[in-house]
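Read the numbers this way: they start at 1 and go in the same order the structure lists the ligands and their atoms.
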Amino acid sequence: MSTKSPNPADLEPGAMPTGVELLHDPVLNKGTAFTDEERDAFSLRGLLPPHVHSIKEQVMRVMENFRRKPTPLEQYINITALQARNETLFYRAVLDYLEEMMPIIYTPTVGEACQRYGHIFNRPRGLFITAKDRGRIVDVLRNWPRRDVRVIVVTDGERILGLGDLGADGMGIPVGKLSLYTACGGVHPNQCLPITLDVGTENEELLADPLYIGLKEHRLRGAAYSDLVDEFVDAVQEVYPHALIQLEDFANNNAFWILEKYRDRICTFDDDIQGTGAVALAGLLAAPRITGGSIADQTVLFLGAGEAGIGIGDMVAAAMREAGLSEADAKRRCWFFDSRGLVVKSRTDLVAHKRPYAHEHAPAELFLDAIETLRPTAIIGVSGQPRTFTQDVLEAMARINDRPIVFALSNPTSKSECTAEEAYNWTQGRAVFASGSPFDPVNFGDQTFVPGQGNNAYIFPGVGLGVVVSGARLITDEMFSEAAKALADQVTAADLRLGRLYPPLSNIREVSAHIAASVAEVAWRCDLATIEQPEDVLSYVKSQMYQPVYRSYV
Ligand code: NAD
């Protein structure tokens with residue numbers, strides 16, 4: 001099993017297309033970079049302007065056009081159109097300009113793109129499986145033109161970022177995540193399959209919108225919904241038995257049970273729970289290098305007790321146990337505050353995933369009161385509620401801690417619990433800050449802070465790559481813990497001096513390779529791998545990564 005980029009012509013059975021058909025194949029197309037020999041061999045002569053450009057020159061043109069677009073959404077439309085024309089060039093441009101491209105192909109702009117998906121829709125990308133496909137999901141999966149699928153990202157569109165139910169318009173998320181699998185993790189684009197399970201929507205605005213692309217029905221619930229998910233999972237095992245399934249942006253009333261139901265049977269994980277858990281844990285492992293102490297010294301108060309919050313809590317508690325605390329002590333250092341106040345034992349309204357963190361304590365209705373009584377070293381915002389880390393909250397954190405840890409992780413930027421500027425200003429520049437969506441550097445006094453982005457893109461591409469290169473049968477919590485450690489290990493003293501808890505995105509390929517190696521090593525150690533272990537795991541991983549370069553077809 002390999003993600004190495006073979007000559008695309010070898011990937012699928014059948015002859016190379018020629019002429020216009022070749023120019024319209026996004027995997028094989030090179031546009032003006034087809035050489036004279038290739039133009040002759042594949043009936044392209046005359047179909048292209050005569051000058052043969054290098055990929056470097058083509059990227060210059062891409063960036064000129066991209067930068068001329070007046071808004072991020074227009075840039076998204078521009079760059080995804082390139083992806084539909086010429087994938088190699090798209091990935092070359094994305095990789096060469098990752099810091100500029102990431103906020104466009106992923107959060108925050110992808111959120112806006114999903115909100116407008118039906119209106120900016122140009123051509124389909126990914127596979128739509130609907131409530132009407134019961135009994136024939138295998139056939140729908142077989143309609144996908146590629147056979148060697150290794151990574152599927154699937155959503156049902158019910159909780160897209162912090163934007164709520166966007167139904168089938170949520171397709172932008174699996175498409176965007178898989179672009180990052182390739183750009184950041186080096187998984188071959190032919191091995192990636194974005195899927196939306198369109199089970200309807202409760203979004204009345206979309207239901208009334210003539211340009212909405214999904215089923216105009218209310219959501220499937222109960223047994224009808226779980227039967228559809230069951231059939232989908234079984235169909236994937238039949239058609240793509242080597243594919244890992246990444247669950248993405250399901251609402252939390254479905255996300256937890258789906259993960260629990262399948263995680264010990266098939267190769268799957270939920271990025272909102274486990275990916276977020278790992279990326280936030282990596283930040284919390286790096287933070288004590290600034291604040292002093294260790295992970296076991298932290299008291300963490302979460303604003304929000306959903307998929308992200310509980311996912312992070314579980315990973316943090318596991319890391320604290322590994323650092324020597326008992327199970328009970330580790331859990332007691334993680335506190336949750338949800339829409340109804342502090343999560344405490346006396347509450348009778350708690351769903352199952354919150355109960356392990358419901359401690360004996362007096363109730364608190366205000367987040368500020370919870371801070372004053374619990375005196376956390378870290379607050380983590382995963383509520384989807386903007387501006388909830390108020391001046392009072394941040395000043396209290398700065399009073400209690402010399403270097404308060406503040407993670408405002410809600411996405412997109414408009415939902416962030418506070419801005420980077422607020423975090424630094426209201427703590428006199430003492431906050432150790434990370435956010436979910438990117439923020440510009442902030443000047444405070446004579447220091448410039450470069451806030452780190454606790455972006456899942458640091459974790460899932462590397463985890464996926466590690467699973468693919470080892471042929472792992474299952475994805476375990478230990479793989480995510482190792483991924484978090486590998487990520488934290490990539491943070492340098494220079495990063496920390498800038499207040500940055502994550503390595504720069506420009507290092508993402510190196511970071512992903514280390515994460516993949518750690519994950520694959522767990523697979524080999526725990527007898528979960530189906531591929532023989534190479535001698536030098538890191539070099540092997542690197543050798544398997546897709547590179548966006550043109551192959552010669554002659
Ligand atoms: P979710 O719906 O599962 O959970 C949201 C939680 O917030 C619930 O527990 C809810 O009770 C709580 N909440 C709502 N209003 C609140 C309020 N006013 N005060 C306190 N708590 C409140 O959603 P999720 O999947 O956990 O995602 C939450 C947010 O985290 C989203 O904005 C998402 O974009 C973001 N997120 C960020 C990252 C990242 O940056 N790495 C990863 C995953 C999720």
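- For ligand 1, none of its N or O atoms has an N or O atom of Val279 under 3.5 Å away.
- Taking 4.0 Å as the cut-off between side-chain N and carboxylate O, Glu395 and Arg399 do not count as a salt-bridged pair.
- Taking a cutoff of 4.0 Å between a charged side-chain nitrogen and a carboxylate oxygen, Asp270 and Arg263 do not qualify as a salt bridge.
- Each side chain to side chain donor-acceptor pair (under 3.5 Å) pair with one or both residues in residues 351-364, not counting sequence neighbours, appears once here: Asp314-Tyr357, Asp338-Lys354.
- Taking any N or O of Glu307, backbone or side chain, at least one lies under 3.5 Å from an N or O belonging to ligand 1.
- Ring geometry for Tyr424 against Phe433 counts as perpendicular: the plane angle is over 60°, on a 0 to 90° scale with 30° as the lower cut.
- With a 4.0 Å cut-off on non-hydrogen atoms, Arg340 does not touch ligand 1 at all.
- Any N or O atom pair closer than 3.5 Å counts here, and Asn456 shares at least one such pair with ligand 1.
- At under 3.5 Å, a nitrogen or oxygen of Leu409, whether backbone or side chain, sits near a nitrogen or oxygen of ligand 1.
- Ligand 1 lies within reach of Gln385, whose nearest heavy atom is under 4.0 Å from it.
- Considering backbone and side-chain atoms together, Asn411 places an N or O closer than 3.5 Å to an N or O of ligand 1.
- Between Asn252 and ligand 1, at least one pair of N/O atoms sits closer than 3.5 Å.
- Within the set Asp338, Ile312, Asp271, Ile310, the minimum heavy-atom distance to atom 21 (N) of ligand 1 is found for Asp338.
- Distance alone, capped at 3.5 Å, is enough to place a donor-acceptor pair between the Glu417 side chain and the Ser410 backbone.
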